[in-house]
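Every chain is numbered from 1, with letters handed out A, B, ... down the list of sequences. Excluded from the calculations below are hydrogen atoms, water molecules and symmetry mates; all remaining heavy atoms, backbone and side chain alike, are included. From a predicted model like this one, the values you see are computed outputs, not experimental measurements.
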Amino acid sequence: MATNTKFQAIRGTRDLLPPETALWNRVEQTAHAVFSTYGFGEIRVPIFEQTDLFARSIGFDTDVVSKEMYSFADRDETSVSLRPEATASVCRAYIEHGMHALPAPVKLYYLGPMFRRERPQKGRYRQFYQIGAEVLGGSDAPAIDAEVIEMVMAFFAKLGLEGAKLDLNSIGCRDCRPKYVELLRAELSKVKEKLGPDSQRRIETNPLRVLDSKLESEQGIIATLPRIAAHLCDPCAAHYTAVKHNLVLRGVAYHENWRLVRGLDYYMRTTFEIIAPGLGSQNAVCGGGRYDGLVELLGGHPTKGIGFAIGEDRLILSLQESGKAPAAHGRDVYIAWMGEKTYPTAVRAARALRGAGFAVELPAVEQKFGKALGHADKLGARYALILGEDEVASGQWTLKTLADGTQAKFTEAELLQYLRR
RNA sequence: GUGGGCGUAGCUCAGCUGGUAGAGCGCCGGUCUGUGGCACCGGAUGUCGCGGGUUCAAAUCCCGUCGCCCACCCCA
């Protein structure tokens, strides 16, 4: 039994293979390019941290912390966990490296794998990838919120993502939100009988969650519930209004969604979510918001903060569904060499072409000529460089353009010149 | 954690009411030993997810189990 057990990737993890990985690279390179134009620098944080860091920042009672973390005892018995997200780590690093002393605000972005032990489904994996950014320190100026959102939208636009829609809301601060939550809870209690079991449970655990219930039967009731926008304190209301003005100023279209709540404890005031098509029931590609109290909660000075996280797996899924998948990676030149005597020349040609930046396929064993061209064709090569005894003897190499079958003679120097044109 | 669907060649799948397995694509070779894409011919690969049961006989029926997918919950 043990001898013929086949290994396979564990549930919720997967291999990313070519040519799909080319799209992943394009997405990540675009992130580096776009984010740096907004003055963000890349931070790389560890893939595991003390469990308590996540528990305190994300919230002990959230599903992420209470049942989805991969936690284990290190050899010295301290509990460590694979990161379920990166904001907590970035804040920890901000404090640990005294980044409050840097010119404010500090703008950082990251990308990499996160881990949550959930049941996998479309657009949801146990090892999944996020691309995120955080702005820490300085003020909580609404323009910062708007610029961060503008940056995500610019990133998506650069990738050609179609159908991305921004939902926006404010969930107040530690002064006004609790009052609203109590009001909501009271109102929900009155209609408890009309709600499903999940929502009934949420009345106690997290009333805000009732707002984004998908149950058709609850939609009528939800529409009548009090809305937080009407219960924000004056500073929060002013901040929210200013964020919206700043989005308009930047030409960023948004849709106010009073039912948008965020699941992680640290969010306050501005919250937003971007949805994209083709993601099954997981339609959010990006979620984010302001978290002014988080750094302090983790032992730092009182610090303003806002950030977002993009689900890279979902982003790529949506890109693929809308036909943005990359072409198979081909070769620029396939070297069809014939006869052992030509091989040294073939090796030299490959080296020169690769040095000039071309993707070259140099067959390791001699093949029949027809076979070689067939192989070149299957690999999607643009050209076949034909090196037979004639070419080697005369120094006039034959270059065949596979698409139209034409061919021409070049010296080595002319060839490089021709290909580089 | 809960619910539904599905597990047959590398991939997509067929295989009716049981008689120990097939197609297409792909791959390899040949027609074609200095000219690919087309066509034709040929070839290799499966413990029919795994275990047990019923039966003379199981891919097919029954039970169990594992895995994958989708959805709920929750989240990016």
statement: Readout for nucleotides 29-37 of chain B: B = base within 4.0 Å of protein heavy atom, S = sugar-phosphate only, - = neither; 5' to 3' it is SSS-SBBBB
- line: A:Lys371 meets the side-chain contact (heavy atoms from CB on, under 4.5 Å) criterion, sequence neighbours left out, with A:Gln367, A:Lys368
field: Salt-bridge contact A:Glu187-A:Lys190 (side-chain N to carboxylate O under 4.0 Å)
entry: yes
task: Apply salt bridge (charged side-chain N to carboxylate O under 4.0 Å, His left out) to A:Arg83 and list each qualifying residue two or more places apart in sequence or on a separate chain.
output: none
message: Rounded to whole Å, please give me the gap between CG in A:Leu111 and P in B:A76.
response: 17 Å
query: What's the CZ-P distance between A:Arg314 and B:A76, to the nearest Å?
result: 8 Å
message: My understanding is that only residues two or more places apart in sequence, or in another chain, count here; which of them pass ring pair (Phe, Tyr, Trp, His ring centres under 6.0 Å) with A:Tyr180?
response: A:His231
field: Contact pattern, 5' to 3', of nucleotides 65-71 of chain B - B, S or - by protein heavy atom under 4.0 Å
entry: --SS-SB
- prompt: Mind checking what makes side-chain contact (heavy atoms from CB on, under 4.5 Å) contact with A:Phe410, not counting sequence neighbours?
  reply: A:Leu399, A:Ala408, A:Glu414, A:Leu415, A:Tyr418
query: What is the distance, rounded to the nearest whole Å, between atom CD of A:Glu216 and atom C1' of B:C72?
result: 16 Å
query: How would you list all residue pairs meeting salt bridge (Lys or Arg N to Asp or Glu O under 4.0 Å) that involve residues 254-268 of chain A, not counting sequence neighbours?
result: A:Lys244-A:Glu256, A:Arg262-A:Glu273
- request: Any salt bridge (Lys or Arg N to Asp or Glu O under 4.0 Å) involving residues 389-404 of chain A? Give me the pairs, sequence neighbours left out, ordered by first then second residue.
  value: A:Glu391-A:Lys409
Do any side-chain atoms of residues 147-158 of chain A form donor-acceptor pairs under 3.5 angstrom with protein atoms, and if so which ones, sequence neighbours left out?
{"unit_1": "A:Glu150", "atom_1": "OE1", "unit_2": "A:Arg250", "atom_2": "NE", "d": "2.9"}
{"unit_1": "A:Glu150", "atom_1": "OE2", "unit_2": "A:Tyr38", "atom_2": "OH", "d": "2.8"}

Give me, pair by pair, the N or O atoms of the protein and of nucleotides 41-43 of chain B that are less than 3.5 Å apart, along with how far apart they are.
none

Atom P, compared across B:C62 and B:G19: separation rounded to whole Å: 15 Å
task: State which residues pass ring pair (Phe, Tyr, Trp, His ring centres under 6.0 Å) with A:Phe115; sequence neighbours excluded, sorted by chain then number.
output: none
Side chains of residues 344-351 of chain A: which donor-acceptor partners sit under 3.5 Å, not counting sequence neighbours?
{"unit_1": "A:Arg348", "atom_1": "NE", "unit_2": "A:Glu412", "atom_2": "OE1", "d": "3.4"}
{"unit_1": "A:Arg348", "atom_1": "NH2", "unit_2": "A:Glu412", "atom_2": "OE1", "d": "2.8"}

